[in-house]
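Every chain is numbered from 1, with letters handed out A, B, ... down the list of sequences.
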Amino acid sequence: MIENVDLSLVDWSRAQFALTAIYHWFFVPLTLGLSFIIAIMETLYVKTGNEEWKRTTKFWMTLFGINFAIGVATGIILEFEFGTNWSNYSWFVGDIFGAPLAIEGILAFFLESTFVAVMFFGWNKVSKRFHLISTWLVAVGASLSALWILVANAWMQNPVGMVFNPETARNEMINFWAVLFNPVAVDKFMHTITSGFLLGSIFVIGVSSFYLLKKREEWLAKRSILIAGIFGFLSSLTVVLTGDLSARTLAEVQPVKFAAFEAHYEGKRNAGLVAFGLLKDSEEKIGEKNVKDFVMKIEIPGFLSIMTGGDKNSFVPGIKDLILGNSEDVQILSVEEKMERGRYARDLLNEYKEAKKDKDVIRADEIKNIFLEKDFINDYFRFFGYAFLRSPEDAIPNVSIAFYSFHLMVILGFFFIVICALSVFLVLKDKIQKNRWFLWLALFSIPLVYIASESGWVLAEMGRQPWIIQDLMPVSAAVSQISAGSVITTFILFAVLFTALLVAEISIMLKQIRLGPKHKEDIK
Amino acid sequence: MGKFFRKIRNVYMFYYEGFRDMSWWGKRAWIIIIIKLIIIFAVLRIFFFPDFLRKNFDDDKQRSEYILDQITSLNEMYD
């Protein structure tokens, strides 16, 4: 029987998972984006027969290969961590989490062992058409592989398509399609892969700008900027659209996260969207947590209401409404009430446990059936996780982190639209080499696009705290009862291993970029 | 049968020649992949990341009883 949660264990387990996920995500989006850009370039080679396109394709394929080789299998460590550090969670989610991850594993294995090999080893060994199809399949396959990971993650943000079985203590999938077409999964997939496309585009524009600054590889650089600029521009518009759709979905299924990333405390109609702002602690508190106030802000009036409800008069609940409840403007349950309902579900589960111990089969079966009833699920079990909270304010995530990561991501996102549009304009007008400021800006956009991409994940994962599964299980209840010391040891090991991998990637890539593409006579 | 083995040989030669003619960066990338996989599967998995429930319990019944205990006895987050 465990009555207490060791906070240092929870914190170190979280830190370890965050470290692994952040490093893993350094490699993934470039694979997603660059694979499509390469496929487009190779298509142009096959269509035109121009050997310069082949040379260009092979150069970017080299950089793709370095990133792919170093990044491959870094995600497996996250799966190890689920089994070791997060065993309560892993058991509780059952096959819902395992099934998408297994599909991803199989898909990734077949993709990596076949089409990637054709892509790299198949030049002049298979037909041009077959090689091109393989390149496209790698690109599509990488995105499909990401789909299953994102489906699993989306279920954690919005658990659907399952019932809880007290006998196995697991959630069991009853509707695969509900899990796959979870609105959060659809939005998350579209937003994540298009942001990967954008990252790949900015990477290509940045590296090509380096060549133009050095007055090298003019043909390759200009064509690459044109392709990446168009692809990146279209992707960035899709990122904005899917980001907007994501926000609307979040407003429904994770309203506290939504309110936190706007630091929106007071629910109101005609609520404005904060374009930029600086936060400070105010005197006011919700429980023991300080309410955040703005030192300054630039606001678009009414836009938050329009974004969430379609018109200015839509009521957008604030953090206070969502924590303390609001029965005047809209019917919102207080967290206190949700805690009561969660405890009721947990007490019933305790009763089931006792009935099993006492071999009271009739009562045990009765309770098991209650857990299948729709009304019980909607009114009580869906608040199961609230039973673990000490006080209502525990349901508030870190507002500063959510706010700044969201705004950093959005501001940089709009900046990249400008970079992509300008790059296409300047290449088409043949003025790109004369505007060296732009070339420098494009080069320095490479680290910025990684910051934006990581910020998106920080927002998604920190914004949903304290939940590991929204409303059903807090992070603190998900952790395995292992020693914090062993988690600290593996944390340090990972920090060393991943830093070494990142250094290896950057150094091999920089060397390859400095070397540049092979000359025509070297191309087989 | 001969056709089948010829196909197997072609696939083998495809990979063999691919690895043999690999570029500077390709060879380095493969060294990194192999070292990384050894660290991940032969060191981390075996010594640092045992499956907690598999290691401590014999069957699924015991595991579900343990988890049931955990999720009903963890009182509050920060007690």
**Asked** If we ignore angles and hydrogens, is there a donor and acceptor under 3.5 Å between the side chains of A/T31 and A/N67?
**Response** yes

**Per-residue contact mode, A/S486 against chain B (heavy atom under 4.5 angstrom)** = neither

**Request:** Counting only heavy atoms closer than 4.5 Å, note whether A/L349 contacts chain B via side chain, backbone, both or neither.
**Result:** both

**Request:** Please determine, among A/E81, A/K356, A/M473, A/R170, the option with the most heavy-atom pairs under 4.5 Å with chain B.
**Result:** A/E81

**Complete:** Bottom line for B/L68: the part with an atom under 4.5 Å from chain A's heavy atoms is both

**Request:** Please state whether the side chain, the backbone, both or neither of A/N85 comes within less than 4.5 Å of a heavy atom of chain B.
**Result:** side chain

**Asked** Can you tell me if A/S391 and A/E288 form a side-chain donor-acceptor pair at under 3.5 Å?
**Response** no

**Asked** Which answer fits B/I40, side chain, backbone, both or neither, if we ask what part of it has an atom under 4.5 Å from a heavy atom of chain A?
**Response** both

**Complete:** If you tally heavy-atom pairs under 4.5 Å between each of A/V126, A/L497, A/T490 and chain B, the highest tally belongs to A/T490

**Contacting moiety of A/F164, where chain B heavy atoms sit under 4.5 Å** = side chain

**Request:** State whether a side-chain donor-acceptor pair under 3.5 Å links A/T499 with A/Y23.
**Result:** yes

**Item:** side-chain contact (heavy atoms from CB on, under 4.5 Å) between B/R63 and B/F52, worked out
**Value:** CA-CA 10 Å; B/R63 288 176 198 124; B/F52 179 81; over 6 Å; no

**Request:** Against chain A, label B/D60 side chain, backbone, both or neither, depending on which of its atoms sit under 4.5 Å from a heavy atom there.
**Result:** both

**Prompt:** A/V93 versus A/N171: any side-chain heavy-atom pair under 4.5 Å?
**Reply:** no

**Request:** Would you please indicate if the ring centroids of A/F92 and A/Y89 are separated by under 6.0 Å?
**Result:** no

**Request:** Tell me, for A/I77 versus chain B, whether the close heavy atoms (under 4.5 Å) come from the side chain, the backbone, both or neither.
**Result:** side chain

**Request:** Indicate yes or no: does B/K61 engage A/E167 in a salt bridge with an N to O separation below 4.0 Å.
**Result:** no

**Message:** Less than 4.5 Å to any heavy atom of chain A: does that hold for the side chain of B/E17, its backbone, both, or neither?
**Reply:** both

**Message:** Distance alone, cut at 3.5 Å: any donor-acceptor contact between the side chains of A/T168 and A/E172?
**Reply:** yes

**Prompt:** Taking the six-membered ring for Trp, are the ring centroids of A/F121 and B/F19 within less than 6.0 Å of each other?
**Reply:** yes

**Item:** Heavy-atom proximity to chain A below 4.5 Å, by part of B/I35
**Value:** neither

**Message:** At a 4.5 Å cut-off on heavy atoms, which part of A/T62 comes close to chain B: side chain, backbone, both, or neither?
**Reply:** both

**Prompt:** Can you say whether A/F82 sits under 4.5 Å from chain B via the side chain, the backbone, both, or neither, judging by heavy atoms?
**Reply:** neither

**Prompt:** Tell me, side chain or backbone of A/V118 under 4.5 Å from chain B's heavy atoms, or both, or neither?
**Reply:** both

